[in-house]
Peer 1: 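Got a structure for you, questions after.
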Amino acid sequence: MKNLSNRIITINRTPIFFGNDSLPSIDKLVARIRPDGIFILVDPNTMKYCLPLLMEKTESLATAKVILTNDGERAKSLQQAEKIWNELLISGAGRSSLLINLGGGVISDLGGFVAAGYHRGISYINVPTTLMAQADAAIGGKTAVNLGHLKNQVGFFYPAKAVVIFPGFLQTLPLEHKRSGIAEIIKCALIGNAALWKRLQKNPVIRLLDMPVECALWQKLILATATFKNRVVVKDYREQKIRKSLNFGHTAGHAFEGFSQMGITEPLLHGDAVAAGMICAAYLSHRKTGLSRSDLESIASYINDGFGRLPIDPLTKPQLMDIMMHDKKTHAGRLLFTLISKPGVPVLNVACGADEISEAIDYQCRLFT
Ligand SMILES: NC(=O)c1ccc[n+]([C@@H]2O[C@H](COP(=O)([O-])OP(=O)(O)OC[C@H]3O[C@@H](n4cnc5c(N)ncnc54)[C@H](O)[C@@H]3O)[C@@H](O)[C@H]2O)c1
């Protein structure tokens, strides 16, 4: 594959290796960590599409034990975590064992959670295989599982020993998951990189989806987003200040996602839900933090054109509001949103009341009808 440079994004708390030749860096990491056992967490797709390549490009993983978990958001549960803990235990994993999370955001969130809890914390390395995970989820040490349809209710800040990003894994990623990952790229542009937002506007989602992952633009988009995320995390690991900007679109998005998993509509992919959530957040930004009408409209139409109709129905508003009010970011009965004042400039902790949120959902519904 051409054009994929080999880079180390950071050597901070968690080194991040990026590029076409990044996988062998795992051997050096293993030599440094010197684990007494190595385990690789996969789902059925990453076992089929990614594990053979990982094994081919590394030597130190030859005797690793592979642990298979379920595919998709439902795997992010306490039950799955317990199953994996039991497998680790039965296989003799100890305090010095190493877990390699080979997969998308579900695997890195779940595997990180498992690593944080097992024997009060074992080492883990994230090897992200989806766009969502390469650009965002695998970076930053936030681990979690869901409780029922409430997203990420139990989790830890627990940093990986390293993140190894090999963009070539994306070649087998289904289109809908590629599109879902684009949502986090849009988010990073809107909260912190106006130049990236301009570049995205010249490249509609549909065109991006048509481009092969080995093209230079894709490489730049992943690198820019992963680097941005890492910079934010390094500044504010515990999410006291600027890291909250990464929640742009997630307050409403998590409610859309959680609601869709109750079985009334088709389950939404995380990125699709965040895309819809960003339209709500852009509407609230227009209402409360000075985002211009034309910026609101260009954000809404860019997302709407790229992500198409989402199953958001005015009739489901009460349930959506109910899920949202369970969000971790409430204060005195009002929800705290990350908004923007213009593309690239976040505004944190903006308290929004139920009436304003309800208006934002109405705006969203009008767009999608
Ligand atoms: N911790 C964080 O900071 C953070 C940030 C953003 C998102 N997330 C979480 O990430 C999750 C979503 O992640 P996701 O979108 O990667 O979903 P995912 O992990 O479910 O992966 C999507 C699908 O792609 C398949 N897949 C993975 N790699 C593949 C490959 N290379 N080829 C073919 N198929 C492949 C998976 O099996 C799955 O079916 C959500 O749970 C979200 O909450 C976490």
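Numbering of ligands and ligand atoms starts at 1, following listing order. Along the sequence shown, the residues carry numbers beginning at 1. Just so it is clear, the values below take in all heavy atoms, side chains as well, and ignore hydrogens, waters and symmetry mates.
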Peer 1: Please answer whether the main-chain N or O of Leu200 pairs with a side-chain N or O of Tyr302 as donor and acceptor at a distance below 3.5 Å.
Peer 2: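 A pair under 3.5 Å: yes.
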Peer 1: Listing request: all side-chain hydrogen bond (donor to acceptor under 3.5 Å, both in side chains) pairs with a residue in residues 58-67, at least two apart in sequence or in separate chains.
Peer 2: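 Only Asp27-Ser60 qualify under side-chain hydrogen bond (donor to acceptor under 3.5 Å, both in side chains).
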Peer 1: Are there over 12 heavy-atom neighbours, none belonging to Arg293, within less than 6.0 Å of that residue's CZ?
Peer 2: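 More than 12 within 6.0 Å, yes.
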Peer 1: Counting only heavy atoms and a distance below 4.0 Å, can you name the residues contacting ligand 1?
Peer 2: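 Residues near ligand 1: Asp43, Asn45, Thr46, Tyr49, Cys50, Asp71, Gly72, Glu73, Lys76, Gly104, Gly105, Val106, Asp109, Thr129, Thr130, Met132, Asp136, Ala137, Lys142, Lys151, Asn152, Phe169, Thr172, Leu173, Pro174, His177, Glu184, Lys229, His270.
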Peer 1: I'd like to know if the side chain of Tyr283 pairs up with that of Glu359 as donor and acceptor (distance under 3.5 Å, no hydrogens or angles considered).
Peer 2: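 Present: a donor and an acceptor within the cut-off.
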Peer 1: Under the 4.5 Å side-chain heavy-atom rule for ILVMFWY, direct or indirect, which residues accompany Phe113?
Peer 2: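 ILVMFWY cluster around Phe113 also holds Phe39, Leu41, Ile67, Leu78, Ile84, Trp85, Leu88, Leu89, Leu99, Ile107, Leu110, Val114, Tyr118, Ile122, Tyr124, Val145, Leu147, Val154, Phe156, Tyr158.
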Peer 1: Would you give me the side-chain donor-acceptor pairs under 3.5 Å for residues 132-141, sequence neighbours excluded?
Peer 2:
unit_1, atom_1, unit_2, atom_2, d
Gln134, NE2, Pro128, O, 3.0
Gln134, NE2, Phe166, O, 3.0
Asp136, OD1, Lys229, NZ, 2.5
Asp136, OD2, Lys187, NZ, 3.0

